[in-house]
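Values below: every heavy atom of this structure, side chains too, minus hydrogens, waters and symmetry copies. One-based numbering, in listed order, for ligands and for the atoms of each.
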Amino acid sequence: MALHEPTVFITRHIPEEALRIIRSAADVRVWPEELPPSPEELRRECEGVDGLYCMLTDRIDGALLDATPRLKVISTMSVGYDHIDVSACRERGILLGHTPGVLDETTADLAFALILASGRRIAEADRFVRAGKWETWSPMFMTGQEVHGATLGIVGIGRIGQAVARRARGFGMRLLYHSRSPKPESEGLGAEYRSMDDLLRESDFVSLHVPLTEETRGLIGARELAVMKPTAHLINTARGPVVDQRALSDALARGQIAGAGIDVFEMEPVSIEEPLLALENVTVLPHIGSATVATRTKMARMAADNLVAGLQGKPMPHPI
Ligand code: DGY
């Protein structure tokens, strides 16, 4: 590919071992700040570089690519790539890589943590104790929804959805799933296929595991929430815009559903003014589905391998 030593811009500090991989093949500049570069800063930094190592916080669109004609390889340290205009990259012959597989179990752990947290009111109870409100034990105090034996509806039965299903079996849960078409292999996990409405109607917990696409944007809105049981919980570790956030806070405030566990938001970071944050029956997390040291390190390395392969004109191990 490039006859000169390729140049690379990395939009955030990454683990040293991933940085070493890239440094062995390119001249590297790392964005020095804690917060991501603004679109203008990103454009400026990408002028004249051959490769970009980015995060899901960086918007990669046609305008950026038009301003950075030398850019030939983009590697995102994420499995999701809804922040990248893939067709704009394809039109310009830019190679794209991402990090599938390595974060499935870790994200499933967090989805399950939210199922337990929402069902058993863990965050609410923690706030209660810290606020000095705990006065006594009483029969129906802080009672929640049982997780063992409950019905879990998994929307999207890809790798992460299946990993959640395996955990749920250990809790003796009844498993339903919905995907664009029935997936016979999921029956091996003991999960039964349902239409979206039947899944919403029958589930005690609904956990979302679909990528964000035009098809899944707003998948859960006021109509879908109205179909759910008043005792049910919605868990979202996928992408914020899959759920209509306003409809969700209305449904939770009215007691139309019992609770929600949310790791992802329509806009991230979520505003402190967001009505969801004022509700006791919502557990909120700052997009940490894959946030373990081991998994983030694997993702960083995988993204580095993709980038270097692309720069060297070799097939990327994990292309988009
Ligand atoms: C991803 O990789 O897409 C997750 O949302 C963050 O790990």
Side-chain angles (χ1 to χ4, degrees), residues 10-15 17-18 21 31 34-37 42 52-61 74-86 89 96-115 117 154-164 167 179 207-220 234-243 245 260-270 283-307 310 316-320:
I10 305 179
T11 64
R12 219 68 72 75
H13 290 290
I14 59 172
E17 55 183 283
I21 295 173
W31 182 246
E34 252 320 292
L35 294 178
L42 183 60
L52 171 63
Y53 184 111
C54 65
M55 314 286 149
L56 50 80
T57 43
D58 305 311
R59 182 135 300 282
I60 313 298
D61 55 17
I74 298 176
S75 177
T76 182
M77 193 188 133
S78 61
V79 63
Y81 47 84
D82 45 283
H83 55 297
I84 300 177
D85 183 339
V86 174
C89 292
L96 287 175
H98 70 145
T99 65
V102 281
L103 46 75
D104 301 342
E105 300 293 335
T106 310
T107 306
D109 284 348
L110 193 87
F112 220 84
L114 281 174
I115 289 171
I154 298 177
V155 179
I157 196 82
R159 289 181 307 257
I160 299 175
Q162 289 177 31
V164 172
R167 284 154 181 74
S179 58
S207 194
L208 305 177
H209 300 288
V210 290
L212 175 61
T213 62
E214 279 323 303
E215 206 181 327
T216 61
R217 190 178 290 278
L219 185 70
I220 304 294
L234 180 72
I235 309 301
N236 190 5
T237 53
R239 282 293 185 267
V242 172
V243 176
Q245 209 162 284
I262 304 292
D263 184 42
V264 287
F265 295 84
E266 281 175 353
M267 292 286 291
E268 295 179 5
V270 68
T283 305
V284 286
L285 300 177
H287 200 148
I288 55 167
S290 63
T292 65
V293 175
T295 293
R296 287 285 168 85
T297 306
K298 281 186 211 151
M299 290 167 69
R301 257 197 341 245
M302 201 167 182
D305 289 340
N306 280 336
L307 186 71
M316 280 190 182
H318 300 282
I320 292 175

Please answer whether the main-chain N or O of [Y] pairs with a side-chain N or O of [X] as donor and acceptor at a distance below 3.5 Å.
X	Y	value
Thr99	Ser78	yes
Arg167	Glu105	yes
Asp263	Ala111	no

* To do: Identify, chain by chain and in numerical order, each protein residue with a heavy atom under 4.0 Å from an atom of ligand 1.
  => Leu56, Ser78, Val79, Gly80, Leu103, Arg239, His287, Ser290, Met299
* Rounded to the nearest 0.5 Å, what's the gap from CD1 on Ile14 to OG1 on Thr297? Could you check? => 10.5 Å
* Glu266/Arg217 salt bridge by N-O under 4.0 Å criterion -> no
* Would Arg239 and Thr216 count as having a side-chain donor-acceptor pair, cut-off 3.5 Å? -> no
